[in-house]
Amino acid sequence: MAQDLAKLAREKGIRYFMISYTDLFGAQRAKLVPAAAIADMQKDGAGFAGFATWLDMTPAHPDLFAMPDASAVIQLPWKKDVAWVAADCVMEDAPVAQAPRVVLKTVMANAAKEGLHVKTGVEAEFFLIDADGNAISDAKDNASKPCYDQQALMRRYDVIAEICDYMLELGWGPYQNDHEDANGQFEMNWAFDDSLVTADRHSFFKFMVKSVAEKHGLRATFMPKPFQGLTGSGCHAHISVWDKDGATNMFYDAEDEMGLSRQGYHFLGGIMKHAESLSAITNPTVNSYKRINAPRTVSGATWAPNTVTWTGNNRTHMVRVPGKGRFELRLPDGAANPYLLQAVIIAAGLDGIHSKADPGERHDIDMYQFGHTVKNAPRLPLNLLDALRNFDRDEGLKAALGLDFSAAYLKLKQREWDSYAQHFTQWERDHTLDV
Ligand code: ADP
Ligand code: MG
Ligand code: MG
């Protein structure tokens, strides 16, 4: 029985509910509903014009209803009057197949039928920049190797501690915060959980980080590569698969050299097999491809992969096995849609299990220095168009994510690419004016 939101409002002093869904481009769309109206909205949903958001709908479509998922309600710790609640999109009483949270729930249900429950943790890196978005907000944060910079971290203590306090209050199990490898870049970590819980928290985290930064007169960005020459913002995902009651990690095998079970290797094999196409979702923007495939950054390393390779505890590959019973996918970036990120991991991994996919040879080398010695390692797509074309050709992955979703996603993303390709740049003038 879903909890009664009107009752929750009375108990917690909530005046407004923000009924929020995430569209295909990862934008959070919301209606602010007074507590007096929440009982009806909980039953019938909040109405939206789907065309007005990125869901591949027309102005002629009937109303889209965002049905609040009362198990995913979060009272804003910085504005207790308001509670955010993740919603699922419904139209004419049927789930909207291409809505990202619906896509994830469908993929999870397919996995659950086979007794598989994926748990993940994400590392959503971000930059704190000035309010107009042009520069890093802290002019003193200019070290050439700024990772873990104690002084620069403490100059942003007010922002970071406020966010971490909120995560503590919400019971997410945050356990560390640091200055990351680029000037102005930070990372905050909280405990892994079921993929839907992680996706909702990931969404809320982005909303919270941006809101708290704004409160402090700053701006937070999760853009994959906001500054040329500096390390970009990844969103690594750590992955394991559990049995029904979440008691047994099915990826864990104490006997194995890497601590991974056969099922774990097959799941990893699925990720490797689909990497060149799933990057259309894990790396969904034009800018994403300036983070992967990037030249060495000022700090000495991009910390992002270029090729489809895996290894043990070594951060120069696409996949790292940092400890027994899980692996880390280092490909996703800050632009990844929190729901589609989880969905594509599960879809690719499940296919790997079904097809008994082999992840291929493990390469225990510094990939940045000796990558050229690895023969036949597939290169990750060089740009969004390559990734979209790969995804379009990957019939298995498209089917696993749902054909309606895949068609809608490809259509809107292709339009985004076209808009970029039609844009004239200074680079063209600089390199072409005198031909
Ligand atoms: P690193 O920077 O070394 O890659 P972090 O500590 O920043 O790692 O992030 C690790 C993430 O992985 C956290 O969200 C953590 O909860 C999660 N994690 C740890 N163990 C597992 C596991 N078995 N399954 C899924 N996620 C895990
Ligand atoms: Mg980390
Ligand atoms: Mg990591």
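Just so you know, ligand 1 is whichever comes first in the structure, and atom 1 is the first atom listed for that ligand.
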Proximity of F127 and F227 rings by center, below 6.0 Å: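 Here the rings of F227 and F127 have centres that are less than 6.0 Å from each other.
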Is the distance between the ring centroids of W190 and Y175 less than 6.0 Å?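 That pair fails the under 6.0 Å test.
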Inside 2.8 Å of the Mg ion (ligand 3) but strictly below it, how many protein N/O/S atoms are present?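 Excluding waters, the total comes to 4.
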Which heavy-atom pair separates G184 from D141 by the least distance, and what is that distance?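 That would be N-OD2, 2.7 Å.
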Protein heavy-atom partner closest to [atom] - residue, atom, separation in Å:
{"atom": "atom 16 (O) of ligand 1", "answer": "F192 N, 2.9 Å"}
{"atom": "atom 11 (C) of ligand 1", "answer": "H238 CD2, 3.5 Å"}
{"atom": "atom 19 (C) of ligand 1", "answer": "R326 NH1, 3.4 Å"}
{"atom": "atom 14 (O) of ligand 1", "answer": "W190 O, 2.9 Å"}
{"atom": "atom 3 (O) of ligand 1", "answer": "R320 NH2, 3.0 Å"}
{"atom": "atom 2 (O) of ligand 1", "answer": "E123 OE1, 2.9 Å"}

Within 45° of the ring axis of Y339 and under 6.0 Å from its six-membered ring centre, is that where the NZ or CZ of K105 lies?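 Checked: cation-pi criterion not met.
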Looking at F222, is K206 sitting on its ring face, NZ or CZ under 6.0 Å from the six-membered ring centre and within 45 degrees of the normal?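 The answer is yes, since K206 meets both limits relative to F222.
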Considering both backbone and side-chain atoms of [X], is one of its nitrogen or oxygen atoms within less than 3.5 Å of a nitrogen or oxygen in ligand 1?
{"X": "H236", "value": "no"}
{"X": "Y175", "value": "yes"}
{"X": "T120", "value": "no"}
{"X": "N249", "value": "no"}

Which of the numbered atoms in ligand 1 are below 4.0 angstrom from a heavy atom of [X]?
{"X": "Q176", "value": "5 (P), 6 (O), 7 (O)"}
{"X": "G121", "value": "14 (O), 26 (N)"}
{"X": "E328", "value": "4 (O)"}
{"X": "R315", "value": "1 (P), 2 (O), 3 (O), 4 (O)"}

Salt bridge check, K273 against D351: does any charged N sit closer than 4.0 Å to a carboxylate O?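 Result for this pair is yes, salt bridge flagged.
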Metal proximity, E187 vs the Mg ion (ligand 2), N/O/S cut-off 2.8 Å: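 It does: E187 brings an N, O or S atom closer than 2.8 Å to the Mg ion (ligand 2).
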Relative to each other, are the rings of F391 and F405 parallel, tilted or perpendicular (30° and 60° limits)?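 Because their plane-to-plane angle lies in the 30° to 60° range, the rings of F391 and F405 count as tilted.
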Please work out whether the ring planes of F207 and F204 are parallel, tilted or perpendicular, with thresholds of 30° and 60°.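 Ring orientation, 0 to 90° scale: perpendicular.
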List for me each residue that meets side chain to side chain contact (heavy atoms under 4.5 Å, CB included) alongside H117, sequence neighbours excluded, and say none if there are none.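 With neighbours one apart ignored, the set is A112, K244.
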Among D394, N390, D386, find the one that has a side chain to side chain contact (heavy atoms under 4.5 Å, CB included) with E276.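 Among D394, N390, D386, the one meeting side chain to side chain contact (heavy atoms under 4.5 Å, CB included) with E276 is N390.
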Any E187 heavy atom less than 4.0 Å to ligand 1: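 Yes, that is the case, since the closest heavy atom of the residue is under 4.0 Å from the ligand.
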P322 heavy atom under 4.0 Å from ligand 1: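 No, P322 has no heavy atom closer than 4.0 Å to ligand 1.
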Any side-chain heavy atom of F126 sitting closer than 4.5 Å to one from Q185?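 With C-beta onward as the side chain, the pair stays apart.
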I'd like to know whether NZ of K356 has more than 12 heavy-atom contacts from other residues, nucleotides or ligands below 6.0 angstrom.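 Counting neighbours around NZ of K356, 12 or fewer heavy atoms of other residues, nucleotides or ligands fall under 6.0 Å, so no.
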Heavy-atom count check: over 12 atoms from other residues, nucleotides or ligands less than 6.0 Å from E11 CD?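 Result for CD/E11: enclosed.
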Steps toward ring-ring contact (aromatic ring centres under 6.0 Å, His included) verdict (F186, H179): CA-CA 4 Å; F186 299 87; H179 190 293; 4.9 Å; yes
Name the option, out of S240, A191, G234, S195, that contains the heavy atom nearest to atom 23 (N) of ligand 1.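 Going through S240, A191, G234, S195 one by one, S240 has the nearest heavy atom to atom 23 (N) of ligand 1.
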Is it the case that the side chain of S288 and the backbone of T285 share a donor-acceptor pair, with hydrogens and angles ignored and the cut-off at 3.5 Å?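 Yes; at least one donor-acceptor contact below 3.5 Å.
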